[in-house]
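Each ligand, and each atom within it, is numbered from 1 in the order the structure gives. Values below: all heavy atoms of this structure, side chains included; hydrogens, waters and symmetry mates excluded.
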Amino acid sequence: MGTFPWKRSHNNSEVFRMTQANWWQHGVGYQIYPKSFLDANGDGIGDLTGITEKIDYLDKLGVDFVWLCPIYKSPGIDNGYDIADYRSVDPQYGTMQDLDTLIKELHRHNIRIVMDMVLNHSSDQHQWFLQAKQDINSPYHDYYIWKKGKNGGTPNNWTSLFGGSAWEYNRATDEYYYHLYARQQPDLNWENPHLRHEMHEIIKFWIKKGVDGFRLDAITHLKKLQTFENVDNPDQASRNIPGIEVFLRELKNIYDHYGVMTVGEVGAVPPESAIKWVDPQKGYMDLLFQFDHVNFGDNHKFDFATKSIPTVRKKLTDWQIAAAKQGNLGLFIENHDLPRAVSYFGSEEPAYRNRSAKAAGLMYFMMKGTPFIYQGQELGMINDHITSINEVTDIDSLRHYQERIKDGYNTQMALHEIAFKGRDNARTPMQWTAGSLAGFSTTTSWIKVADSYKTINVASEEKSSNSVLNFYRQMITIKKSDITLQNGQYMLEKTRAKDLIVYRRFDTQATWLIITNLSNLTYNYPLPQDLASQPYHVILKNDGYITGNQSKISLDAWGAVLLKFE
Ligand code: NOJ
Ligand code: CA
């Protein structure tokens, strides 16, 4: 980032910030869902001290920074994505002092910390909202979005991403307020300069605490369509609405001034617009997450749409090309909103779990961008197979289930959808050991431990050199130590094999070929003609790699191999 003021002095000598320019471009991120990582005080809920206790684990894994999902004070309707006080730590996670310790200890290990920042909405328990909903004359009233009803109903046809109308009636003022997510998550009114100022100050508060960056939740939604008229498509109401750039630019000036990195959740923006968001000079953030490779043209997010590998490779390639000249992508296959990658991209079958976790991992990891790993992904954790709606905690899954039942689905069918796609799959406790409660807690955990913990856990993967965990450690080392894999060009290799994703990373120094089979079929992959006569080394492989010669590579089910050409 050209004009980035990386080296600056800070008044507070306690604040430590490493000054290496653009560190995220050659780093690997690790996403922590605090509630499910490690419970240090035995109340069944993961906490900040639990994370501090596992810094050695993160260090040994080799990650450069942690993205911490929200730990702010919150009623927890959406597990912290409903913030009641932006400057405090929720007591269930510990104290501000615990957070200071975590930041200090991470930094002592040269690991940076990126905080989740929810700018689009607050909790309905935030002081601002509590006052806003009581009194139309409160200065906080206009911090939210209010409209009068129309014809005895909602102000317009805008819908919530969590289902139903986006408008909730408020008797005290005889108005409706807008919520893109749950009704307990009222959207903030970014048109109001006072609100914007408050949010800027909150960001500065955390920067002064010494955090290194922010993951920007729901950031494409800050601006709403100001006509408030009916729309044909829900995205037209609040997704990337012209004028949003004013808000984003103001925010960017703050990040740049203090030299913090940002990664935005930028769903449903086409690759052609990528540069607008992440251009190193003019963009609004440093990295973006796109979601095209994890949404399969579904009618809704719980759809059982069949995943098509040709579609996945095309979508990923479109983004690689879009961000090729400038800008940087955050690469991922898992997060706290998605099912587990092995269950989704790979195979849970015991014979294939290890291989397919590695194949899916290698497939995205060596693309151009900053790889993110979601806790447990590095073990090849799989979906939990829930059998009852009583096991479900996620607000969105519960809402979907109730909707299905209302529409006449039988309970088994409704449960089936949630079991496959629901967000709880990513939120079951991190599996540390084969012991009681997977070593996550000493008491009943807030969400059930997934049944797979006896076979899939850190302790056993530490011991096996062939484990998914050790494969991830190797991928991290390789990517971080190779300039071609960081900055080299990306090229998709054409193949008629529908289950293979093969691409090349190259520059004048070296050429790498990443060959992954995302199926349980066997394939012979003929090497590209221009490489066929060149010697290569097998740098990393899984058990599905059979053999290779100068003309072809043979892959068994879920085979994956990383080749380096001299
Ligand atoms: C995106 C977050 O990743 C998700 O978990 C949350 O429910 C919504 N934004 C609302 O904040
Ligand atoms: Ca705890």
Side-chain angles (χ1 to χ4, degrees), residues 31-54 67-72 74-84 86 89-95 98-99 102 114-124 126 160-163 166 179-188 214-222 238-239 263-268 288-291 294-295 301 330 332 334-339 372 374 393-400 421-427 429-430 437 439-447:
Q31 184 190 352
I32 292 184
Y33 200 68
K35 203 171 182 181
S36 306
F37 194 61
L38 182 69
D39 171 23
N41 67 350
D43 63 358
I45 298 169
D47 44 50
L48 294 168
T49 306
I51 302 171
T52 305
E53 282 178 17
K54 289 295 179 186
W67 150 21
L68 197 63
C69 284
I71 47 78
Y72 317 100
S74 162
I77 290 294
D78 191 15
N79 280 351
Y81 285 94
D82 47 326
I83 300 175
Y86 284 86
V89 169
D90 194 285
Q92 73 176 334
Y93 295 129
T95 62
D98 295 335
L99 182 61
L102 173 62
V114 170
M115 301 284 279
D116 218 312
M117 187 43 74
V118 188
L119 301 172
N120 180 68
H121 47 273
S122 75
S123 160
D124 65 347
H126 194 294
S160 159
L161 288 176
F162 282 176
H179 59 91
L180 179 63
Y181 295 92
R183 69 182 159 75
Q184 299 92 335
Q185 294 168 295
D187 279 49
L188 292 162
F214 298 99
R215 177 263 186 186
L216 305 169
D217 185 72
I219 195 70
T220 55
H221 295 291
L222 293 193
S238 80
R239 177 95 70 179
V263 50
E265 186 192 27
V266 180
L288 68 75
F289 291 131
Q290 61 79 25
F291 296 85
V294 288
N295 298 327
K301 57 193 157 199
F332 71 95
E334 280 190 21
N335 67 29
H336 63 295
D337 295 328
L338 293 171
F372 283 71
Y374 178 70
T393 75
D394 168 35
I395 183 172
D396 196 27
S397 301
L398 288 168
R399 188 268 316 159
H400 180 73
K421 281 278 202 82
R423 305 196 295 181
D424 280 345
N425 283 310
R427 301 175 181 186
M430 176 73 175
L437 293 159
F440 164 73
S441 177
T442 51
T443 191
T444 314
S445 46
W446 72 275
I447 186 174

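Using a 4.5 Å heavy-atom threshold, the side chains of S122 and Y86 count as touching. Residues M115 and I71 have side chains in contact (heavy-atom distance under 4.5 Å, counting atoms from C-beta outward). Looking only at side-chain heavy atoms (C-beta outward), I51 and P34 come within less than 4.5 Å of each other.
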Between the protein and ligand 1, which nitrogen or oxygen pairs come in under 3.5 Å, and how far apart is each?
{"unit_1": "ligand 1", "atom_1": "3 (O)", "unit_2": "R215", "atom_2": "NH2", "d": "3.1"}
{"unit_1": "ligand 1", "atom_1": "3 (O)", "unit_2": "H336", "atom_2": "NE2", "d": "2.8"}
{"unit_1": "ligand 1", "atom_1": "3 (O)", "unit_2": "D337", "atom_2": "OD2", "d": "2.5"}
{"unit_1": "ligand 1", "atom_1": "5 (O)", "unit_2": "H336", "atom_2": "NE2", "d": "3.0"}
{"unit_1": "ligand 1", "atom_1": "5 (O)", "unit_2": "D337", "atom_2": "OD1", "d": "2.7"}
{"unit_1": "ligand 1", "atom_1": "5 (O)", "unit_2": "D337", "atom_2": "OD2", "d": "3.4"}
{"unit_1": "ligand 1", "atom_1": "5 (O)", "unit_2": "R423", "atom_2": "NH1", "d": "3.3"}
{"unit_1": "ligand 1", "atom_1": "7 (O)", "unit_2": "D78", "atom_2": "OD1", "d": "3.4"}
{"unit_1": "ligand 1", "atom_1": "7 (O)", "unit_2": "D78", "atom_2": "OD2", "d": "2.5"}
{"unit_1": "ligand 1", "atom_1": "7 (O)", "unit_2": "R423", "atom_2": "NH1", "d": "2.9"}
{"unit_1": "ligand 1", "atom_1": "9 (N)", "unit_2": "D217", "atom_2": "OD1", "d": "2.8"}
{"unit_1": "ligand 1", "atom_1": "9 (N)", "unit_2": "D217", "atom_2": "OD2", "d": "3.3"}
{"unit_1": "ligand 1", "atom_1": "11 (O)", "unit_2": "H121", "atom_2": "NE2", "d": "3.0"}
{"unit_1": "ligand 1", "atom_1": "11 (O)", "unit_2": "D217", "atom_2": "OD2", "d": "2.8"}

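Heavy-atom minimum distance, I83 versus H126: O-CD2, 3.7 Å.
For D337, the salt bridge (Lys or Arg N to Asp or Glu O under 4.0 Å) criterion is met by R423, R427, not counting sequence neighbours. With sequence neighbours left out, Y81 forms a side-chain hydrogen bond (donor to acceptor under 3.5 Å, both in side chains) with D116, H336.
For CZ of R399, the number of neighbouring non-hydrogen atoms (other residues, nucleotides, ligands) closer than 6.0 Å is greater than 12.
Take a cut-off of 3.0 Å around the Ca ion (ligand 2): the protein N, O or S atoms inside it are D39 OD1, N41 OD1, D43 OD1, I45 O, D47 OD2.
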CA sep, side-chain torsions, deciding dist, call: F162, Q185, side chain to side chain contact (heavy atoms under 4.5 Å, CB included): CA-CA 11 Å; F162 282 176; Q185 294 168 295; 3.7 Å; yes
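For Y72 and Y93, the ring centers sit 6.0 Å or farther from each other.
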